[in-house]
Participant: 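One structure, as structure tokens, below. Some questions next.
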Amino acid sequence: MEYLKRTVTCGELAVADAGKSVVLNGWIHRHRDHGGITFLNLRDRYGVTQVVIDADASAGLKATAAELKFEYCVAISGRVRARPDAMVNRDMGTGAIEVVAEGIQILSRCETLPFMIDEKSDAKEDLRLTHRYLDLRSFSMQRKLRLRHEVAFAVREHLAGKGFFEIETPTFIKSTPEGARDYLVPSRLYPGKFYALPQSPQLYKQILMVSGFDKYFQLARCYRDEDARGDRQPEFTQIDIEMSFVKRDDILALVEGLMGHVFRKTLGLDLPPTFRRIAYDDSMELYGNDKPDLRFGMEMSDIGSFALRSTFQAFKEAIAAGGAVKALVVKGKADYSRKQIEELEASAKIFKAKGLAWMKVGAEGRLEGGASKFFAGEGIDSTLATDLLGALGAGPGDLILMVADGKRKVANQGLGAVRSKLGRDLGFCDPACFEFAWIVDFPMFEYNEDEKRWEAAHHMFTMPQEKYHSTLESDPGAVKGDLYDLVLNGFELASGSIRIHDPELQKRIFSIVGFDAKDAETKFGFLTEAFKYGPPPHGGIAPGLDRLVMLMAGETSIKEVIAFPKNSFAVGPMDDSPNFVDAKQLEDLHIRIVEKKE
RNA sequence: GGGGGCGUGGCGAAGCUGGUUUAUCGCGCCGGCCUGUCAAGCCGGAGAUCGCGGGUUCAAGCCCCGUCGCUCCCGCCA
């Protein structure tokens with residue numbers, strides 16, 4: 001049967017349209033039968049329109065209307081009518097009008113829903129993902145995917161305007177063993193050989209620089225076979241960018257401009273023209289991580305010198321072991337209960353901290369409770385308490401929290417986790433507030449205790465900062481790279497670096513991380529080969545589109561801004577992937593499944 | 001690989017330390033009433049082997065063991 005095709009959408013009719021004959025297509029969002037009169041809310045991507053079946057409608061029309069249930073897909077013809085003043089719904093875009101039904105055509109029916117299509121749908125995530133097609137009908141999901149589209153569009157608009165070319169790179173590539181685990185694709189034509197899905201287009205974009213495409217970008221799908229998190233999926237999308245003949249600050253400026261454009265175009269927000277820059281070491285010391293949430297201060301302090309004057313043996317031992325004692329002040333929270341402090345301690349322990357010490361500042365600045373006996377009292381340096389309070393900027397009514405550890409990193413991360421939890425608990429994390437910052441001066445190398453060797457902290461093509469070039473081999477741990485991360489509200493939004501374009505320097509880096517010429521040749525031969533032919537100085541960055549949209553949408557999981565995400569075990573709940581394949585397929589691919597022996 | 005949390009009609013929850021239920025409530029579903037609602041309202045009804053398996057007990061949704069699934073986190077993510 002021919003269906004009545006819409007002449008208008010469900011979001012566009014206004015009082016000015018009164019009297020027009022229209023056809024609407026959409027889904028039954030709500031159904032209110034009052035006996036004599038029936039109201040239908042018809043929904044599509046554009047909005048909701050109220051349809052009325054008047055008391056004097058034909059018996060046939062009333063019978064069809066009575067059949068309608070949630071989410072039936074229908075075509076409705078009728079006449080637009082301005083609602084009487086008292087019946088206007090000001091919360092509804094089309095609330096000033098209604099459509100008086102003259103004909104209703106049921107296009108398809110809908111079974112009882114597994115959950116309601118509603119803004120405040122409280123179905124569990126697993127169920128939402130299994131029936132994602134229904135979940136995506138909700139206005140909240142439609143709004144988020146629309147935002148994602150608009151962000152992607154604004155990115156292309158901005159970068160194309162700056163002279164960038166969007167160039168696609170392959171998704172079947174050679175596996176490179178460094179970094180995350182690869183997803184592999186078996187080759188039918190070459191028994192035993194595999195393609196890998198790219199963890200990022202890194203090598204290809206650098207080669208495009210060799211080719212002279214000095215401003216490249218791509219909204220690139222990336223694949224990493226690692227365990228998922230709220231902000232990590234097996235496949236995700238990067239705004240991949242690379243430029244030639246640039247220095248670090250050119251890239252930072254470009255991304256500042258890009259973010260400014262995206263926020264202005266999509267959210268109508270003006271960002272500051274430049275973002276603050278924080279050295280990696282400072283970020284670790286002040287916030288306990290390299291992706292600080294800067295919507296609130298509450299920075300950590302090193303109170304090692306005060307700890308040494310105290311009688312707290314555990315603190316002194318931590319310092320003697322080469323560690324640190326870190327403290328933070330929670331303003332006006334001396335009334336925190338034992339239970340609340342224990343909850344904070346639990347978050348510190350996640351990062352291997354042994355405990356969370358605390359003291360309260362009472363009237364006249366007296367230290368009270370918890371660890372106070374180690375800092376004030378008989379036989380203790382009489383100015384210690386006032387000196388400490390002065391250094392911390394703490395006063396009466398404040399709570400002081402401390403973590404000590406023989407490993408400085410553990411003290412920082414432990415107390416940093418406490419700081420993050422406090423930020424959430426105390427309501428400092430307004431999702432409508434966007435605090436960007438650059439984290440710069442990352443270390444080039446990290447020592448792998450297990451394998452007793454140096455590893456690249458970022459990747460092996462990162463340029464070490466000029467001033468360390470002479471001491472690369474003698475003191476690798478001190479070398480800072482020309483690296484930069486963009487952080488936003490406690491999330492790493494982008495990571496990038498200036499790359500090495502000098503083959504000699506590249507060889508030295510390979511050698512420090514234990515790559516001999518042969519390793520380099522097998523693993524990255526095509527890149528080193530390309531770099532023999534006049535590679536330009538270049539660098540780049542890759543903001544994560546999913547995380548960016550997630551934060552802009554006020555969400556805390558990227559699943560909320562991906563149409564069809566995987567669950568936390570990398571399973572697609574809707575299509576039930578991954579799954580077994582036919583024996584014939586395996587045979588074609590020269591693959592035999594081996595049962596795991598226990 | 002490790003830790004926290006969860007699993008009760010289609011959905012979301014309650015069920016305190018085992019014994020008042022015929023396992024409760026809201027939404028949805030089915031039937032009925034209702035001429036201005038917009039999360040419509042009112043009346044009635046159906047629907048659950050309490051994730052699964054085992055154990056303890058006179059008695060298990062509740063306790064124990066195992067197992068499966070989901071979720072968050074640590075590790076991992078150059």
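Model, not experiment: these values are computed from the prediction. The sequence lines fix the lettering, A, B, ..., with proteins before strands; numbering per chain opens at 1.
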Participant: Looking only at heavy atoms, what is the nearest atom pair of A:S200 and A:R224, with distance?
Facilitator: CB-NH2, 4.1 Å

Participant: Expressed as a whole number of Å, how far does the P atom of B:G15 sit from that of B:U21?
Facilitator: 14 Å

Participant: Side-chain N or O of A:N89 less than 4.0 angstrom from OP1 or OP2 on B:C38?
Facilitator: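 Indeed not, no polar side-chain atom of A:N89 lies that close.
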
Participant: Side chain of A:M116: nearest nucleotide among B:C38, B:C76, B:G28?
Facilitator: B:G28

Participant: Select one nucleotide: of B:C38, B:C74, B:C30, the one nearest the side-chain heavy atoms of A:N41.
Facilitator: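 So the side chain of A:N41 is nearest to B:C38.
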
Participant: Using the C1' atom as the reference point in each nucleotide, state the distance between B:G9 and B:G28 in Å, no decimals.
Facilitator: 11 Å

Participant: Under 4.0 angstrom, heavy atoms only, what part of the nucleic acid is A:G95 near: base, sugar-phosphate, or nothing?
Facilitator: nothing

Participant: Just to be sure I understand the rule, does A:A457 reach a base, reach only the sugar-phosphate, or reach nothing, if contact means heavy atoms closer than 4.0 Å?
Facilitator: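 Counting heavy atoms under 4.0 Å across all strands, the contact made by A:A457 is with sugar-phosphate only.
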
Participant: Judged by modelled atom types alone, do A:T9 and A:E12 share a side-chain donor-acceptor pair under 3.5 Å?
Facilitator: yes

Participant: Describe the nucleic acid contact of A:R232 in one word from base, sugar-phosphate, nothing, applying a heavy-atom distance below 4.0 Å.
Facilitator: base

Participant: Per the atom types in the model, does the base of B:G36 pair as donor or acceptor with the side chain of A:E98 at under 3.5 Å?
Facilitator: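 A donor-acceptor contact between them is present.
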
Participant: If you look at every strand shown and take non-hydrogen atoms under 4.0 Å, does A:E455 touch a base, only sugar-phosphate, or nothing?
Facilitator: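 Answer is nothing: A:E455 stays at 4.0 Å or more from every strand.
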
Participant: When you compare B:G18 with B:A60, how far apart are their C1' atoms, in angstrom units rounded to a whole number?
Facilitator: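 Those two atoms are separated by 6 Å.
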
Participant: Taking the C1' atom of each, how far is B:C58 from B:G69, in whole Å?
Facilitator: 34 Å

Participant: Assess whether one donor atom and one acceptor atom, taken from the side chain of A:R128 and the base of B:G12, lie less than 3.5 Å apart.
Facilitator: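 A donor-acceptor contact between them is absent.
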
Participant: Under 5.5 Å between ring centres and under 30° between planes: true for A:H34 and the base of B:A40?
Facilitator: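 Whether judged by distance or by angle, A:H34 passes, so it stacks on the base of B:A40.
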
Participant: Would you indicate, yes or no, if B:G12 has its OP1 or OP2 atom less than 4.0 angstrom from a side-chain nitrogen or oxygen of A:K124?
Facilitator: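 Yes, A:K124 has a side-chain N/O under 4.0 Å of OP1/OP2 on B:G12.
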
Participant: Verify the distance criterion only: is there a donor paired with an acceptor across the side chains of A:Q199 and A:D182 at less than 3.5 Å?
Facilitator: yes

Participant: Compute whether any side-chain donor of one residue and acceptor of the other, for A:D475 and A:Y468, lie under 3.5 angstrom apart.
Facilitator: no

Participant: Expressed as a whole number of Å, how far does the P atom of B:C70 sit from that of B:G12?
Facilitator: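 Straight-line distance between the two P atoms is 15 Å.
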
Participant: For B:C11, is there a stacking contact with A:F115, counting only centres under 5.5 Å and planes under 30°?
Facilitator: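 No, aromatic ring not over the base.
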
Participant: If you only use heavy atoms from C-beta on, which nucleotide in B:G28, B:U35, B:C38 is closest to the side chain of A:A55?
Facilitator: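 Minimum distance to the A:A55 side chain belongs to B:U35.
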
Participant: Choosing from B:C76, B:G28, B:G36, which nucleotide comes nearest the side chain of A:E226?
Facilitator: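 Of all the options, the side chain of A:E226 is nearest to B:C76.
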
Participant: May I ask you to say what A:S200 touches in the nucleic acid, namely base, sugar-phosphate or nothing, with a heavy-atom cut-off under 4.0 Å?
Facilitator: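 The answer is base, as A:S200 lies within the cut-off (heavy atoms under 4.0 Å) of a base atom.
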
Participant: Closest to the A:D227 side chain: B:U71, B:G28, B:G1?
Facilitator: B:G1

Participant: Suppose you measure atom C1' in B:C63 against the same atom in B:G44; what distance do you get, rounded to whole Å?
Facilitator: 40 Å

Participant: Distance alone, cut at 3.5 Å: any donor-acceptor contact between the side chains of A:R32 and A:Q50?
Facilitator: yes

Participant: Does the separation of the ring centres of A:F39 and A:H34 fall below 6.0 angstrom?
Facilitator: yes

Participant: Need one value for A:E71: base, sugar-phosphate or nothing, where a base atom within 4.0 Å counts as base even if backbone is also close, heavy atoms only.
Facilitator: nothing

Participant: Does B:U37 have OP1 or OP2 under 4.0 Å away from a side-chain N or O of A:R32?
Facilitator: no

Participant: Check every atom of B:G12, B:C38, B:C70 against the side chain of A:Q50 and return the nucleotide holding the closest atom.
Facilitator: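 Closest nucleotide to the A:Q50 side chain: B:C38.
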
Participant: Think A:K69 has a side-chain N or O under 4.0 angstrom from the OP1 or OP2 of B:C30?
Facilitator: yes

Participant: Taking the side chain of A:I37 as its heavy atoms from C-beta onward, which of B:C38, B:C76, B:U35 lies nearest to it?
Facilitator: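 The answer is B:U35.
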
Participant: Taking the same atom, C1', in B:G51 and in B:U71, what whole-Å distance lies between them?
Facilitator: 15 Å

Participant: Across the strands shown, which category fits A:N567 at heavy-atom distances under 4.0 angstrom: base, sugar-phosphate, nothing?
Facilitator: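 Sugar-phosphate contact only - A:N567 comes under 4.0 Å of backbone atoms but never of a base.
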
Participant: Which of these nucleotides, B:C29, B:G69, B:G12, is closest to any side-chain atom of A:D122?
Facilitator: B:G12

Participant: Just compare B:C77, B:C72, B:U35 and give me whichever is closest to any side-chain atom of A:K559.
Facilitator: B:C72

Participant: Under 3.5 Å, is there any donor-acceptor pair linking the side chain of A:R90 to the base of B:C38?
Facilitator: no

Participant: Decide whether A:D485 and A:S495 meet the rule of one side-chain donor and one side-chain acceptor closer than 3.5 Å.
Facilitator: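 Their side chains do contain a donor-acceptor pair, which is all the 3.5 Å distance test asks for.
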
Participant: Would you please confirm or rule out a distance under 4.0 Å between OP1 or OP2 of B:G10 and any side-chain N or O of A:T112?
Facilitator: no

Participant: Can you tell me if A:T169 and A:Q218 form a side-chain donor-acceptor pair at under 3.5 Å?
Facilitator: yes

Participant: Would you measure the distance from the C1' atom in B:C16 across to the matching atom in B:G4 and give it in whole Å?
Facilitator: 23 Å

Participant: Looking at every strand, decide which applies to A:F70 at a 4.0 Å heavy-atom threshold: base, sugar-phosphate, or nothing.
Facilitator: sugar-phosphate

Participant: With heavy atoms under 4.0 Å as the rule, sort A:R43 into base, sugar-phosphate or nothing.
Facilitator: nothing

Participant: Find the partner of B:C52: check Watson-Crick (N1-N3 plus N6-O4 or O6-N4) and G-U wobble (N1-O2, O6-N3) distances, both under 3.5 Å, and reply none if neither fits.
Facilitator: B:G66

Participant: Return the pairing partner of B:A23 with a 3.5 Å limit on both distances, Watson-Crick or G-U wobble; otherwise return none.
Facilitator: none

Participant: What nucleotide among B:C70, B:C77, B:C38 has an atom nearest to a side-chain atom of A:A180?
Facilitator: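 Selected nucleotide: B:C77.
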
Participant: Report yes if a side-chain nitrogen or oxygen of A:R224 is closer than 4.0 Å to either non-bridging phosphate oxygen (OP1 or OP2) of B:C76; otherwise report no.
Facilitator: no

